[in-house]
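This report concerns only the one structure given below.
The structure presented is a predicted model; accordingly, all values stated were derived computationally and were not measured. Residue numbers count from 1 along this sequence.
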Amino acid sequence: MKEYVMGTYDVIVVGAGHAGCEAGLACARMGMSTVMFSINLEAVAMMACNPSIGGTGKGHLVREIDALGGEMGINTDKTFIQSRMLNRAKGPAVHSLRAQTDKNSYHIEMKKTLEAQENLTLKQGEVVDIIVEKGKACGVVLRTGAVYRSKAVILATGTFLAGRIFIGESAFDSGPNGMAPSVELASNLREKGLPMRRFKTGTPARGLAASFDYDKMTPQEGDEEIVPFSFMNEELHREQVKCWLTYTNEKTHEVIRNNFHRSALFGGQIEGVGPRYCPSIEDKVNRFADKKRHQLFIEPEGLYTNEMYIQGMSSSLPEDVQEEFYKTIEGLENLEIVRPAYAIEYDCIDPLALKLNLESRQIEGLFCAGQFNGSSGYEEAAAQGLMAGINAVCSLRGEEPFVLDRSEAYIGVLIDDLITKGTEEPYRIMTSRAEYRLLLRQDNADLRLTEKGYNLGLVTEERYAKFLRKKEAVSRETERITHKTVKPEDINSILEEKGSTPIKGATPLIELLRRPEITYDDTLPADPERPQLLPHEKTMMEVQIKYEGYIRKQQARIDKFHRLENRKLSPDMNYSEIDGLRLEARQKLDKFKPLSVGQASRISGVSPADINVLLIHLEKKRRQKGE
């Protein structure tokens, strides 16, 4: 087929899912001429699986994306139909915002944003090859033969790459949601020597809303006070829809067990590795045989459709078995399935083949993001897309890579885990993965990251001014209540009502706020002339005051972490010459070429004893040089 050049851009983004959208917007907003390709423009920001954004750990990522100037939080605030703050009964480190969205509206609003963005061109077309010249990515080829040249390429292919769908004994090539797969590109990437692997994920059936018996299920309401995802929004008011809870039972499990032999998962057809933290229902029944029931969350797909999503019940069993087991569940006895559950297998890269800036170690100028990097979830994809976009621009400008470390953001934890530790299954972020989660709260994401986003050119003047006002308001009010005292007669009745010990004399207001049972608003009657704070400003101030001691201890741990991160390692270091290093450690260090002792310590196969040997070696070198 004859090839012909159709255009030249600074950056080409392959894929327009959640990673591609953030990557394309970041590049364009930082001044680079950018073109994004999608096999089908209906796939732009498509929510192929659950109709929600956020959740435990994931909500933190969305807040961080927003603080850096990304779009996911803003788009969610435009399109949500229910909002809930999860884990309120636990500490603030694990409070996580989750919103049900209108799937179609989410796609439409994000597509409108892309189309209106200066420097950004959105095109429908299937990329079948990456042009590599002298070891550098410099363009793409489309199925039509059209060639587009560029200085950098970002791969954000989601689950389209060599996608294959499984429903029972049936298996066929397909992308998510019945879209066309990207087969030729997958083959060409393998030919270029990129270390590819095969992963698998799945999605549950969708049922017709009128076929559910809602009286048999437990309603789940949204929060009365809506907390926005975007720091640009101070308050949101919207009529919210309900979700419902129901459970599987022994009859459900019996039907599934009797049909294990018909599952693609157990039949050997699926090669890919599935996610441990979001398994199919047959996997749950098999692995947790002693569990009598599994929770299901029934979610509306949107305001303009009658489809309902049955979260917690993805499957690769045949349609007749799906019909049988779904109808054993309370509230689903008359379920009418409009889309069957399926498993999807796809190609992705081994993330150990990437640098911390998400650039390929093998091909210069080729950046990778999202599920292509072995992660799972819209939020993880968007975070990587944003970082890949930023770093593609930094590379083109000749600037240092923009890397967030584990103490700065959940985004840093996500990327460091993927790039340094690798993953043997689709990776999902969780609060337990973050060592410094008390400092990486979602309420302070703007405090941690907005300045960085502003320096990159992603945060607008309007957003930056709003951030500075919030920072000043919290600082000023914290200072005021440190010196403001209240008298027993003004506050004791409130303290007793809250089950708190009365005070005997004038007491600084900040001391009362350190009590876990007392909120800033509780003290209003004793402090009526206080300035007006916005809800998110109150939240940040209260958390900082109540957890001050714990935060100080965690900061000390971070300082220790930074000391190892600041011990830099030369990419030319020959680890085979260092006496005392175990053979496995030498091999891993030589292969990975870590940039710091801290990064070396997180490589699988490198022990604490190896790190001590490395530190001794560095100290000897330093003394020899007289530094």
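When the shell of 6.0 Å around NZ of K471 is examined, it contains 12 or fewer heavy atoms from other residues, nucleotides or ligands. Dense packing is recorded around CD of E472, with more than 12 heavy atoms of other residues, nucleotides or ligands lying under 6.0 Å away.
Residues that satisfy the side-chain contact (heavy atoms from CB on, under 4.5 Å) test with P531, not counting sequence neighbours, are E477, R480. Annotation: salt bridge (charged side-chain N to carboxylate O under 4.0 Å, His left out) contacts of E424 (sequence neighbours excluded): R197. Here H18 pairs with Y106, Y378 under the ring-ring contact (aromatic ring centres under 6.0 Å, His included) rule; sequence neighbours left out. Scored by the side-chain contact (heavy atoms from CB on, under 4.5 Å) test, Y214 finds A209, F212, M217, W244, M308 as partners (sequence neighbours excluded).
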If you apply the rule side chain to side chain contact (heavy atoms under 4.5 Å, CB included), what do you find for E380 with R428, and how did you get there? CA-CA 7 Å; E380 291 89 340; R428 178 180 180 174; 3.8 Å; yes
Determine, step by step, whether E425 and T423 satisfy the side chain to side chain contact (heavy atoms under 4.5 Å, CB included) criterion, reporting the C-alpha distance in whole Å, the side-chain angles of both residues, the deciding distance to 0.1 Å, and the verdict. CA-CA 6 Å; E425 63 189 40; T423 183; 4.2 Å; yes
Could you go step by step and tell me if H562 and D405 meet the side chain to side chain contact (heavy atoms under 4.5 Å, CB included) rule? CA-CA 9 Å; H562 280 151; D405 70 39; 3.2 Å; yes
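Pairs engaging residues 224-245 under the salt bridge (charged side-chain N to carboxylate O under 4.0 Å, His left out) rule: E221-K242, E234-K466 [sequence neighbours left out].
A cation-pi arrangement is found for R530 relative to Y520, the charged atom lying closer than 6.0 Å to the ring centre and inside a 45° cone about the ring normal.
The closest side-chain donor-acceptor pair between Y304 and N104, if any, does not fall under 3.5 angstrom. Between the side chains of Y464 and E451, at least one donor N or O lies within less than 3.5 Å of an accepting N or O.
R206 pairs with exactly one of E299, E307, E336, E301 by the salt bridge (Lys or Arg N to Asp or Glu O under 4.0 Å) rule, that one being E301.
A distance of 8.5 Å separates OG1 in T519 from NZ in K538, rounded to the nearest 0.5 Å. Note that CD1 of I390 and CG of L404 are 7.5 Å apart. Values are rounded to the nearest 0.5 Å. Taking CG from L386 and CG from L358, the interatomic distance works out to 10.5 Å, rounded to the nearest 0.5 Å.
Classified by interplanar angle (parallel below 30°, tilted 30° to 60°, perpendicular above 60°), the ring pair H294/H253 is tilted.
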Please report, to 0.1 Å, the donor-acceptor pairs under 3.5 Å made by any side chain of residues 62-70, with sequence neighbours excluded.
{"residue": "R63", "atom": "NE", "partner": "P228", "partner atom": "O", "Å": "3.4"}
{"residue": "R63", "atom": "NE", "partner": "F229", "partner atom": "O", "Å": "3.0"}
{"residue": "R63", "atom": "NH1", "partner": "Q442", "partner atom": "O", "Å": "3.0"}
{"residue": "R63", "atom": "NH2", "partner": "P228", "partner atom": "O", "Å": "2.8"}
{"residue": "E64", "atom": "OE1", "partner": "Y410", "partner atom": "N", "Å": "3.0"}
{"residue": "E64", "atom": "OE1", "partner": "I411", "partner atom": "N", "Å": "2.9"}
{"residue": "E64", "atom": "OE2", "partner": "Y410", "partner atom": "N", "Å": "2.8"}
{"residue": "E64", "atom": "OE2", "partner": "R448", "partner atom": "NH1", "Å": "2.9"}
{"residue": "E64", "atom": "OE2", "partner": "R448", "partner atom": "NH2", "Å": "3.2"}
{"residue": "D66", "atom": "OD1", "partner": "S230", "partner atom": "OG", "Å": "2.8"}
{"residue": "D66", "atom": "OD1", "partner": "R463", "partner atom": "NH2", "Å": "3.0"}
{"residue": "D66", "atom": "OD2", "partner": "S230", "partner atom": "OG", "Å": "3.4"}
{"residue": "D66", "atom": "OD2", "partner": "F231", "partner atom": "N", "Å": "2.7"}
{"residue": "D66", "atom": "OD2", "partner": "R463", "partner atom": "NH1", "Å": "3.0"}

